[in-house]
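Right, one structure below, let's go through it.
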Amino acid sequence: MAVALILVLVVVGSILFHILSPWWWSPIASNWGYIDQTLIITFWITGAVFSAVVLFMAYCVFRFRHREGIKADYNPENKKLESWLTAVTAVGVAAMLAPGLYVWSQFITVPDDATEVEVVGQQWQWNYRLPGEDGRLGKSDNRLVTYENPLGIDPDDPYGQDDVVIEAADLHLPIDKPVKMLLRSIDVLHDFYVPEFRAKMDMVPGTVTYFWFTPTRTGTFEVLCAELCGTGHGYMRGIVMVDTEEDYQAWLDGQTTFARLSAPPKVGAMDAVEP
Ligand SMILES: [Cu+2]
């Protein structure tokens, strides 16, 4: 009796904890409300199955408790029970997977008007690159990474010269404009994750992964690395600011291009003075 009661309390406690818990997702800041809906469907299905299984177990513990002179039936096979349990499980699993597949197909279908933003992860900081006036990112290669060329941009590719390079600083994005995030890593696995955007993806050295989203509200959001990438993993934080169009342009105008970064330093008046 006590065990059955504890099992019932586990179910009631779990449901109350879910309803009354002060912890919930941070408010969404992108178009990916679908991802939240998919998670909620999964919560409902797994919650219902968990409650049903534990309550059934409590019922069995109570109903079939030990009594003198009563022996259990040996009933190893029950075709009818097995078929409807299989059918119910199949429907439950399909209901959890189908919305995910639907969202995934949208997640990887990038709209034509999305602008590209490259994110480069390295131990342990975030760098970014935006296409310049030509609207195209130049070629890059991890073998070209040097102190002066931290993103490994190909200096011989004319498309790369006007690329905007943001090294270990905040990224800004304009509101309501779809962006395709191109993800690169120059050392180990990282994962670019902004919880409010509800989108993330692993960054694998040697390849470029991507996802897209549209920021839907202005604000300052924290970037986390969601892939254990070494001793500094916990400090691999960054900031993404979603701006109005004017604020974004003002920020963009103050950024440096690859051409300017890699230009030889000018000899100033101070250098000309003999000691
Ligand atoms: Cu990392």
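Counting starts at 1 for both ligands and their atoms, in listed order.
The distance from the Cu ion (ligand 1) to the nearest N/O/S atom of Cys225 is under 2.8 Å. Within the 2.8 Å limit, Gln123 places no N, O or S atom next to the Cu ion (ligand 1).
More than 12 heavy-atom neighbours from other residues, nucleotides or ligands sit within 6.0 angstrom of CZ on Phe50. The number of heavy atoms from other shown groups lying within 6.0 Å of CH2 (Trp44) does not exceed 12.
Rounded to 10°, the angle formed at the Cu ion (ligand 1) by SG of Cys229 and ND1 of His190 is 100°.
Between Trp212 and Phe107, the gap from one ring centroid to the other reaches at least 6.0 Å.
Ser83 places a side-chain N or O within donor-acceptor distance of the main-chain N or O of Lys80, the cut-off being under 3.5 Å.
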